[in-house]
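Worksheet: one structure, shown below.
All values derive from a computational prediction rather than experimental measurement. These numbers come from the heavy atoms of this one structure, side chains and all, not from hydrogens, waters or symmetry mates.
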Amino acid sequence: MMPKIHTTKYRVVGVYINLVLLALSLFMTFGMRIDSLRFWGAYGLFVSVVLFVTYAVINQKIFTAFSLFFISFCVFQFGQFYLYGLGVKYDYVFEHPFYSKFALEKHMWIVVKFTLLSIQALMLAGVLVGVKERQFVLTEQTNTYHLKRIGKLLFWISMPASMIMTAVQVLFAVRYGYEALRTGSTGAILGSLGIFNRLSIFYTPSLILLWILNTNKKKTQIIYELLMIVHILAYLVIGQRTIGLGLAGTLMLMKMNNAKKMKFSTILIIIFLGVGLMGLSNYLANARLAGGGDVGGSRSILSGVINFIGSCGWSCFPLMVVVGASPESMPFTNGLSYLASIMGFFPSFADPSGLLRTITDSVNEGWLTTYTKATFGIGYSLTAEAYHNFAWYGVIAIFFIGVIVALILNCTKEKLSPFRYYVQMSMTYALFTLPRRGIYDLFNYLFYFVFVFWLLRKISIAIDAKKPVTE
């Protein structure tokens, strides 16, 4: 009982710290006039570190599924402001000749303040929902027959498709450059492989599931780990480095959870490996842009990490556009985009009037690309979508999104089932890039990574209902 009491006590303190900092930020946002991006960047870094450390103390673990999501959210949404607050020299999006014209100086105050409040609302949700996580233990008595069956089925179906897609993308990226993957005849060729892309979506989650179900078979686990590492490196080469780092972070977390006792030296090694991976991803990114020429910007690990944080921080641009365009050029949608995200899963025959499709199309993030007249998709983000719906009240929307994410990523039952642990780990990987996407992707991941696996498991159980099941 002592661990539970200990955790509850620290959780109450954590909620108090979160509320005090949130009250302070609200007062400085609406009760004071502090028009300095450098101040807000430095203050935001201080707040983020305090919140992260507080959450680590509550869980008695430095890294958890939710804390990885929190780090991702902070780096994507506030990364450039952190660097600016520290006085780091960088090509900031809000100083760029093209990008900065979509958000005036007065809009940038809203962007930085809204983002910081969103960070705090997200962690408040995590602290309120989360308690000390339980360690997953796979025993000989645990029935994993049906999960292994669907895991192997989806693995063997998706592996050829994933290998083909990955090999083609790596080949074209190395030969013609990253941009060729999205444009011209190369992009058309990849588009024609749509069926492979659809099937390959099950590859990584099936790897995660089979890794979990072979916890007691180290040699088998190593095979799945090597397959993950191959895909991590491939993701870095083809420019999908955040997806690759998400998978690397998930693998790291699973191995940490699997360890009976984690030494401090091991934690330091993992941290250094993570930093090194960020540096490597930045090196490969610069190499792609330089076409094999000088990539001097990534000669040191520190500069590599700085450039990685800065490049991820460009994801604040969608919020810059939304703030600059709303409500004059683009009215607030008052929750329609969240409704459209749910409607997107309804089949067309369920919408004979076309009303649902109209709602979905009217709030699609593609309007950002049209508005900016960019020749590339500028993406989206949770903060941009929240502000586009409710303006400043979008912070409340981020809080409820945080609650949903925390419920998915926090496993708090006394005994953790294999499927529940799979949900936690697969969604840790899936949600790593969610901060730079819309809420639709959250439902999309839940459908493919959770519902499909759950449904197939139920079908497997139903098929063998009258047969004796043996391991």
Side-chain angles (χ1 to χ4, degrees), residues 65 69 136 138 142-166 193-215 224 227-228 231 235 240 243 246-247 249-251 253-254 338 340-351 356 360 401 404-411 413 416-434 437-465 469:
F69 176 77
F136 172 71
L138 184 65
T142 305
N143 187 349
T144 61
Y145 174 79
H146 297 288
L147 279 177
K148 279 187 177 179
R149 173 190 275 183
I150 66 169
K152 291 178 180 179
L153 172 67
L154 291 175
F155 172 77
W156 289 112
I157 289 176
S158 61
M159 185 181 69
S162 180
M163 291 297 183
I164 291 173
M165 284 295 298
T166 303
L193 300 176
I195 182 64
F196 293 102
N197 190 43
R198 182 63 64 182
L199 289 175
S200 64
I201 194 172
F202 298 110
Y203 179 66
T204 300
S206 66
L207 275 180
I208 293 173
L209 176 60
L210 292 174
W211 188 96
I212 291 172
L213 298 179
N214 287 279
T215 300
Y224 295 125
L227 290 173
M228 290 185 203
H231 263 68
Y235 283 136
Q240 297 181 4
I243 298 177
L247 181 55
T250 303
L251 178 59
L253 188 60
M254 290 194 299
Y338 296 125
S341 297
I342 299 174
M343 298 302 182
F345 285 92
F346 282 83
S348 57
F349 65 79
D351 181 30
L356 302 183
T360 302
I401 292 173
I404 295 173
V405 171
L407 287 172
I408 295 170
L409 298 183
N410 285 324
C411 296
K413 293 183 179 180
L416 204 55
S417 70
F419 183 73
R420 183 62 183 89
Y421 186 51
Y422 156 75
V423 171
Q424 183 194 37
M425 290 297 100
S426 64
M427 292 303 290
T428 298
Y429 157 72
L431 298 183
F432 192 81
T433 59
L434 182 65
R437 307 184 190 279
I439 197 65
Y440 173 82
D441 288 276
L442 172 60
F443 297 118
N444 197 43
Y445 293 135
L446 285 173
F447 177 81
Y448 285 106
F449 286 25
V450 179
F451 176 75
V452 170
F453 280 73
W454 173 86
L455 181 62
L456 290 177
R457 177 170 172 264
K458 290 294 185 181
I459 293 174
S460 176
I461 293 174
I463 291 175
D464 291 349
V469 178

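Considering only residues two or more places apart in sequence or on other chains, Arg149 meets the side chain to side chain donor-acceptor pair (under 3.5 Å) condition with Tyr145, Ser460, Asp464. For Leu442, the side-chain contact (heavy atoms from CB on, under 4.5 Å) partners are Ile404, Ile408, Met427, Leu431, Leu434, Ile439, Leu446, not counting sequence neighbours. Residues passing the side-chain contact (heavy atoms from CB on, under 4.5 Å) test with Thr204, sequence neighbours excluded: Ile208, Tyr235, Leu247, Tyr429. With sequence neighbours left out, Lys152 forms a side-chain contact (heavy atoms from CB on, under 4.5 Å) with Trp156, Leu210. In this view, Phe432 satisfies the ring-ring contact (aromatic ring centres under 6.0 Å, His included) rule with no residue, not counting sequence neighbours. For Thr166, the side chain to side chain donor-acceptor pair (under 3.5 Å) partners at least two apart in sequence or on another chain are His231.
When side chains are defined from C-beta on, Leu251 counts as touching Trp211, because their heavy atoms get closer than 4.5 Å. Using a 4.5 Å heavy-atom threshold, the side chains of Ile401 and Tyr338 count as touching. Considering only heavy atoms from C-beta on, Leu209 stays 4.5 Å or farther from Ser426 through its side chain. In this structure the side chain of Val405 reaches within 4.5 angstrom of the side chain of Phe69, judged on heavy atoms. Contact of the Phe449 side chain with the Asn444 side chain is not registered, since no non-hydrogen atoms from C-beta on lie closer than 4.5 Å.
Distance alone, capped at 3.5 Å, is enough to place a donor-acceptor pair between the Ser417 side chain and the Arg420 backbone. Formation of a donor-acceptor pair under 3.5 Å by the Ser162 side chain with backbone atoms of Ser158 is not found in this model.
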Using distance only, find each side-chain donor-acceptor pair of residues 452-459 under 3.5 Å and give its atom names and separation, not counting sequence neighbours.
none

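Separating the CG atom in Leu207 from the OG1 atom in Thr250 is a distance of 12.0 Å, to the nearest 0.5 Å. In this structure, the separation between CZ on Phe443 and CZ on Phe451 is 14.5 Å, given to the nearest 0.5 Å. Annotation: the span from Tyr448 atom OH to Leu154 atom CG amounts to 13.0 Å, rounded to 0.5 Å. Here Leu213 contributes atom CG and Lys148 contributes atom NZ; the two are 6.5 Å apart, rounded to the nearest 0.5 Å.
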### Chi angles and distances behind the side chain to side chain contact (heavy atoms under 4.5 Å, CB included) call for Tyr445, Arg437
CA-CA 12 Å; Tyr445 293 135; Arg437 307 184 190 279; 3.6 Å; yes

### Task
Evaluate side chain to side chain contact (heavy atoms under 4.5 Å, CB included) for Asn214 paired with Tyr224, printing each intermediate quantity in order.
CA-CA 10 Å; Asn214 287 279; Tyr224 295 125; 3.7 Å; yes

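Contact record, Met254 with Tyr421: CA-OH, 3.9 Å, taken as the closest heavy-atom pair. Shortest non-hydrogen contact noted between Gly151 and Ser206 is O-CB, 3.8 Å.
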